[in-house]
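Quick notes on the structure that follows.
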Amino acid sequence: MAIEIPSIPLGQWIEGGLDWLTSEYSMVTRGISQVTQTGIDGLNDALMWLPPWGLLLIIVGLCWWVANMRLAIGAAAGMALIWNLGLWDPMIETLTLVVIATLVAVVIALPVGIAAALSERLYRMIMPVLDFMQTMPAFVYLIPAIPFFGIGSVSAIFATVIFSMPPAIRFTTLGIRQVPGELIEAADAYGATRGQKLVKVQLPLSLPTVMAGINQTIMLALSMVVIAAMIGADGLGSEVWRAIQRLRPGDGFEAGIAVVILAMLLDRLTQSLRKQRKS
């Protein structure tokens with residue numbers, strides 16, 4: 001006789017927890033949603049207010065100033081192609097979501113990473129959580145976003161922040177923990193307080209590593225924003241999703257190329273900033 005082992009109702013527990021959080025903290029999530037949507041609309045309107053050629057010149061000038069002439073020429077060619085394909089507005093919407101999601105993720109990640117670097121107990125607690133966050137499939141993060149914030153860009157921001165935050169925390173912790181012990185001892189010898197050591201020794205020396213984490217966060221945010229088109233997020237992801245639904249491979253490849261151009265541009269810019277910090 002086979003012994004039947006009852007299954008653990010994990011899914012029901014998760015659903016119950018989400019329902020409870022949604023009902024108990026509806027005022028909080030509604031307030032967060034309104035503030036986030038205001039930020040999205042404000043940045044999007046500001047970028048849309050600029051004529052495409054004006055924003056293109058600003059991007060090219062930024063690339064020239066931060067990196068070099070070669071990146072500026074590549075940015076000009078890539079942005080001009082996106083403009084020519086009629087994907088300028090979706091590109092702006094995608095850029096807006098990536099910028100806001102990255103800012104929120106970094107604002108949360110930096111203090112957490114610093115605290116984990118300075119506290120061995122917190123470090124041991126947070127590393128398994130980060131492992132869990134990074135191995136969870138990206139699509140799963142879209143599920144709790146909908147009951148909290150509904151369909152649209154705010155849910156996309158929420159899912160993107162959760163998905164893209166772990167690298168910034170990891171690299172911040174790694175950078176601070178890799179500061180040579182001799183420098184920490186020298187700071188102690190000069191009577192530096194814990195805060196002075198952090199601000200004047202550990203953070204400046206770890207900044208290149210922190211910038212590498214921010215670079216990874218930006219790349220993950222861009223990939224997640226595209227996936228978030230499934231829950232109503234605007235931008236290039238919605239163009240790809242629309243092309244899939246209408247069986248238009250050409251339109252999908254055009255939007256995909258625009259995503260690649262934007263990703264390469266953001267990656268090169270952040271890498272150039274990282275090299276400047278090293279030098």
Side-chain angles (χ1 to χ4, degrees), residues 36-37 39-60 62-63 71 74-105 137-139 141-142 145-146 149-164 214-271:
T36 306
Q37 190 62 56
I40 293 171
D41 293 340
L43 181 56
N44 200 54
D45 291 343
L47 294 177
M48 291 284 191
W49 176 79
L50 292 169
W53 59 266
L55 183 57
L56 192 150
L57 289 177
I58 293 174
I59 293 173
V60 170
L62 179 63
C63 292
L71 181 59
M79 292 293 104
L81 178 60
I82 293 175
W83 186 9
N84 179 262
L85 294 175
L87 295 172
W88 189 262
D89 288 353
M91 185 274 294
I92 294 296
E93 292 169 343
T94 298
L95 182 61
T96 297
L97 295 179
V98 170
V99 169
I100 293 178
T102 302
L103 287 175
V104 174
F139 289 95
Y141 291 112
L142 302 178
I146 297 173
F149 304 106
I151 300 293
S153 299
V154 177
S155 292
I157 293 289
F158 172 82
T160 302
V161 168
I162 301 300
F163 179 70
S164 63
I214 294 175
N215 175 272
Q216 293 299 308
T217 295
I218 292 173
M219 294 298 102
L220 289 177
L222 183 57
S223 67
M224 189 63 186
V225 162
V226 173
I227 295 173
M230 298 178 63
I231 58 172
D234 297 324
L236 294 170
S238 64
E239 297 295 323
V240 175
W241 183 240
R242 192 176 297 113
I244 294 173
Q245 291 177 318
R246 298 177 181 178
L247 297 178
R248 293 182 177 176
D251 294 347
F253 271 98
E254 287 182 352
I257 290 171
V259 172
V260 171
I261 292 171
L262 185 59
M264 291 178 64
L265 178 59
L266 294 173
D267 179 62
R268 297 301 185 273
L269 277 174
T270 51
Q271 283 190 11

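Quick caveat, the model's predicted, so the values are computed rather than measured.
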Looking at Ala101 and Val161, what are the two nearest heavy atoms and their distance? O-CG2, 3.6 Å
Please walk me through it: do Met79 and Leu265 pass side-chain contact (heavy atoms from CB on, under 4.5 Å)? CA-CA 9 Å; Met79 292 293 104; Leu265 178 59; 3.9 Å; yes
Output for pair (Ile92 CD1, Trp49 CH2), nearest 0.5 Å, gives 13.5 Å
For residues Ala255 and Leu236, report the shortest heavy-atom separation together with the two atoms involved. CB-O, 4.0 Å
Check whether any side-chain heavy atom of Asp234 lies under 4.5 Å from a side-chain heavy atom of Pro90, and answer yes or no. no
I need the Met219 CE to Thr270 OG1 distance, nearest 0.5 Å. 5.5 Å
Main chain of Val99, side chain of Thr102: is a donor-acceptor contact present, judged purely on distance under 3.5 Å? no
Would you please test Phe163 and Ile227 for side-chain contact (heavy atoms from CB on, under 4.5 Å) and show each step? CA-CA 11 Å; Phe163 179 70; Ile227 295 173; over 6 Å; no
What's the verdict on side-chain contact (heavy atoms from CB on, under 4.5 Å) for Leu97 and Ser153, showing C-alpha distance, side-chain angles and the deciding distance? CA-CA 8 Å; Leu97 295 179; Ser153 299; 3.9 Å; yes
Measuring only between side-chain heavy atoms, which start at C-beta, is Trp53 closer than 4.5 Å to Trp83? yes
Shortest non-hydrogen separation from Thr94 to Gly237 and the atoms involved: OG1-N, 4.4 Å
Measure the CH2-CE distance between Trp88 and Met48 for me, rounded to the nearest 0.5 Å. 10.0 Å
Do Leu71 and Leu269 have side chains that get closer than 4.5 Å, going by heavy atoms? yes
Trace of the side-chain contact (heavy atoms from CB on, under 4.5 Å) decision for Leu95 with Leu266: CA-CA 10 Å; Leu95 182 61; Leu266 294 173; 4.3 Å; yes
Nearest 0.5 Å please: distance from the CG atom of Leu142 over to the CZ atom of Phe158. 10.5 Å
Go through the structure and list residues passing salt bridge (charged side-chain N to carboxylate O under 4.0 Å, His left out) with Glu239, not counting sequence neighbours. Arg242
d(Ile40 CD1, Ile157 CD1) to nearest 0.5 Å is 4.5 Å
Gap separating the CG atom of Leu262 from the CG atom of Leu87, nearest 0.5 angstrom: 11.5 Å
Locate the shortest heavy-atom distance separating Met224 from Ala138; write the atom from each residue and the value. CE-O, 3.1 Å
Give the minimum heavy-atom separation between Thr217 and Ala105, together with the two atoms involved. CG2-CB, 4.0 Å
Give me the atom names and distance for the closest heavy-atom approach of Ala75 to Cys63. CB-SG, 3.7 Å
Looking at side-chain heavy atoms only, is the closest gap between Ile261 and Ile82 below 4.5 Å? yes
